[in-house]
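Notes follow once the structure below has been shown.
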Amino acid sequence: MSADRPRTRFAPSPTGFLHLGNVRTALFNFLAARHMGGEFVLRSEDTDAERSREEYLVAMLADLEWLGLTWSAGPDCDDGSGPYRQSLRAEAYARYFDKLEASAHTYPCFCSQAELAMARKAQLAAGKPPRYPGTCRDLGTAERAERAASGRPATQRFRVGDEDQVRFQDLVRGAQRFAVAEIGDFIIRRADGTPSFFFSNAVDDALMGITHVLRGEDHLSNTPRQILLLSALELPVPRYGHISLVVAGDGAPLSKRHGSTGLRELRSLGYLPLAICNHLARLGHAYDNPQFMSMDELVEGFSLEKLGRSPARHDMTQLRHWQKEALHQSDAEAFNDWLLGEASPVREELAAAVPAADAKAFAQLVRDNVEVAGDALHWATQLCATPMPVTSAAAEVLKNCDAALIDAAIKLVAAHPQDFKALAGAVREHTNLAGKSLFMPLRAALTGDTHGPEMVRVYAFLGAQRSRERLEQARQIAGSKK
RNA sequence: GCUCCCUUCGUCUAGCGGUCCAGGACAUUGCCCUCUCAAGGCAGGAACACGGGUUCGAGUCCCGUAGGGAGCGCCA
């Protein structure tokens, strides 16, 4: 880790699965690092033992890897600046707690949570900001010793100095100024000895050589605390950039929603990593290029200057567009793997519905009619099931058509087993029907549906045997309306 | 309550005082292509939250108002 090498990080708490908001933060940090030729690292902020779970960490790593956001160091790979999980960093924190203590930047606070809650309530009621009243701030050494001896649990608070204000240049919001008087002394170490977010987060960024911190806007007004802390510690302050939050389609905060805003859910629906990245990279960031981009192109076009300030809405219709593009871009092999491979969410169902020998041909046949993996199920039953399912629209078409058309087709299948154009041409000669009134009944008879892939390809896929069976099935209802 | 942030078509956004009667993408509408769907091509509708300033000139700067969001936690 060289001194000036740009380094960004994504530092989630393993208390749940990733949602699109988290993922976008990770993506931006990844893109920023790669664009600057630097490194992107992962850090697990698992100081809250109650809520942190190993399985969530494992899931996050797996999901980020799946997305293609590779990291050069993280909980699973230390590069010497770790460990990259906070639950393993007590020693480092102790060192810096001591340093703060030595410089009188911190003091023990014996207030109980009930007392604090009451004080907060009173301040709020009086129309004042709910800040720590400073009860334990100026306790004498004797009093401290006495209380400590009585076994009262103590937290450590950071003594906010008498500076006038804290200024910093936000990477996305420009010059920021906060009055120090607005900031109350805050807890940096809990009674159980674990560090609080403000402390561990800031200290770790400094110790891990993080140069740029892209994080949610919700951290903006807390940033002065961390700057104060790092200054007191004489540690380097990273450059902060506060990105706008992502909200759900209905405007609700993402974190409170589930379903289509969870990465896991999208993944299990069959959305592709690059579709998600293309979508997210444009939420709160503007690209010159309106087209679908590869990860390298996303990296190349990324710029801190192009980060937006206003909240962005996650809209599924936009994601769907990128999904179509992603599917369109993938070659036959990649598509087959996506639909039929190990990772496919509908692998089992498709294997049950489509004969193994036909699987690849099937995948290629329906690729333009599939947006998420589940869509293939409809075509699987429609094209492979026996008897053929007939949609009501298709039944309608068949009832209204001339039964002679189907009869002709049945007779002619054997003569034109693979060539739909030839078959259709022959049927036309026998029936004098053409255009839609020729093709639509054939489509309905062969696929049981009124829309779908090109008939030339459908027919080749079905083969003469299946085609004949299906035509005979269709013959039962053909012309019944006359 | 206090502090801070945000506000351009339905959605994502471009716009860094004149070249903007506001551009692009998605979505939408119509047409073309076509055996259907999709894709593709063409055309259309659709926005500067509001009110004051500053300026010869404001989407762009300033101040208010309204609306939305965040923070003020022994949560991160």
Side-chain angles (χ1 to χ4, degrees), chain A residues 11-13 15 45-48 50-52 86 109 111-113 116-117 120 123-132 153-157 170 172-173 176-179 181-184 186-198 200-201 215-225 242 244-245 247 249 251 253 255 279 282-291 305-306 308-322 324 328 367-371 393-394 397 420 424 434-444 447 449-456 458:
Chain A
S13 263
T15 54
E45 305 225 324
D46 53 355
T47 56
D48 186 339
E50 290 286 299
R51 299 196 302 147
S52 298
Q86 295 187 324
C109 171
C111 299
S112 71
Q113 301 204 44
L116 293 171
R120 254 195 303 276
Q123 286 169 323
L124 239 21
K128 305 208 160 180
R131 277 197 287 276
Y132 179 61
T155 61
Q156 287 288 322
R157 282 188 188 269
D170 191 277
V172 353
R173 275 152 222 276
Q176 300 292 316
R177 223 175 37 215
F178 288 86
E182 301 290 333
I183 306 169
F186 54 92
I187 289 172
I188 55 175
R189 188 172 63 193
R190 304 185 187 112
D192 67 1
T194 58
S196 75
F197 165 77
F198 291 125
S200 55
N201 180 265
R215 56 182 2 178
E217 180 189 47
D218 48 335
H219 291 289
L220 183 58
S221 43
N222 283 328
T223 302
R225 293 161 202 268
H242 292 90
S244 58
L245 266 19
V247 296
S255 54
H279 174 56
R282 288 176 170 81
L283 252 39
H285 181 277
Y287 276 97
D288 296 329
N289 184 177
Q291 316 246 265
E305 275 101 70
K306 291 182 182 242
R309 288 154 293 279
S310 44
R313 199 172 283 243
H314 154 66
D315 185 346
M316 276 305 285
T317 65
Q318 317 247 20
L319 208 211
R320 274 197 229 109
H321 171 251
W322 297 118
K324 279 185 213 160
H328 194 71
R367 69 171 287 164
D368 289 335
N369 293 286
V370 170
E371 188 178 296
V397 167
F420 184 74
K436 212 173 213 167
S437 51
L438 168 68
F439 286 101
M440 192 46 94
L442 286 176
R443 169 176 290 283
T447 71
D449 207 340
T450 52
H451 64 92
E454 236 186 316
M455 281 310 296
V456 170
V458 170

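Here the structure is a predicted model, which is why all the values come from computation and not from measurement. Here is the naming used below: chain letters follow the sequence lines, and residue numbers restart at 1 for every chain.
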When the C1' atoms of B:G57 and B:G18 are considered, how many whole Å apart are they?
7 Å
Does a donor on one side chain sit under 3.5 Å from an acceptor on the other, for A:His314 and A:His279?
yes
Is A:Arg190 close enough to B:A76 that one of its side-chain N or O atoms is under 4.0 Å from OP1 or OP2 there?
yes
Under 4.0 Å between any heavy atoms, over every strand shown, what does A:Glu45 touch: base, sugar-phosphate, or nothing? Just pick one.
sugar-phosphate
Side chain of A:Arg120 only, please: which of B:C4, B:C12, B:G73 is the nearest?
B:G73
Examine B:C75: is either OP1 or OP2 under 4.0 Å from a nitrogen or oxygen in the side chain of A:Thr15? Give yes or no.
no
Select one nucleotide: of B:C72, B:C5, B:C12, the one nearest the side-chain heavy atoms of A:Gln318.
B:C12
Across all strands shown, which nucleotide pairs with B:G51 by Watson-Crick or G-U wobble geometry, both distances under 3.5 Å?
B:C63
Among the candidates B:G71, B:G1, B:C74, find the nucleotide nearest to the side-chain atoms of A:Gln113.
B:C74
Hey, does A:Arg173 reach any base, or is it just sugar-phosphate, or nothing, if we go heavy atoms under 4.0 Å?
sugar-phosphate
Nearest-angstrom distance, C1' atom, B:C48 to B:C61:
15 Å
When we call it a touch if two heavy atoms are under 4.0 Å apart, what does A:Ala286 touch: a base, just sugar-phosphate, or nothing?
sugar-phosphate
For a quick check of understanding: with a heavy-atom distance under 4.0 Å over all strands, which category does A:Pro130 fall into, base, sugar-phosphate or nothing?
base
Hey, is A:Asp46 close enough to A:Arg51 for a salt bridge, meaning N to O under 4.0 Å?
no
Between B:C75, B:U36, B:C12, which nucleotide gets closest to the side-chain atoms of A:Asp48?
B:C75
For the pair A:Phe439 and A:Phe420, name the ring-plane relationship: parallel under 30°, tilted 30 to 60°, perpendicular over 60°.
tilted
Nearest-nucleotide comparison on RNA chain B, the residue closer to the 5′ end among A:Phe178 and A:Asn369:
A:Phe178
Closest approach to the side chain of A:Asp218, judged atom by atom: which nucleotide of B:C4, B:A70, B:U7 is it?
B:A70
Among B:G73, B:C6, B:C12, which nucleotide sits nearest the side chain of A:Arg282?
B:C12
In terms of side-chain heavy atoms of A:Phe197, which of B:C74, B:A76, B:A27 is nearest?
B:A76
I'd like to know if the side chain of A:Thr447 pairs up with that of A:Asp449 as donor and acceptor (distance under 3.5 Å, no hydrogens or angles considered).
no
Residue matched to B:C2 through Watson-Crick or wobble contacts both under 3.5 angstrom
B:G71
On RNA chain B, does the nearest nucleotide to A:Ser244 precede the nearest nucleotide to A:Phe439 from the 5' side, or the other way round? Give the residue.
A:Ser244
B:C6, B:U3, B:A25: which one has an atom nearest the side-chain heavy atoms of A:Pro290?
B:A25
Can you tell me how far apart CG (A:Asp48) and OG (A:Ser196) are? Round to the nearest 0.5 Å.
11.5 Å
Any strand is fair game: report the nucleotide pairing with B:C42 by Watson-Crick or G-U wobble, both distances under 3.5 Å, or none.
B:G30
Heavy atoms from C-beta onward define the side chain here; which of B:C37, B:C72, B:C74 lies closest to that of A:His451?
B:C37
Write down the distance between NE2 (A:His285) and P (B:C12), rounded to a whole number of angstrom.
16 Å
Taking any heavy-atom pair under 4.0 Å as a contact, classify A:Met455: base, sugar-phosphate, or nothing.
base
For A:Leu319 and B:A25, what is the distance between atoms CG and P respectively, to the nearest whole Å?
20 Å
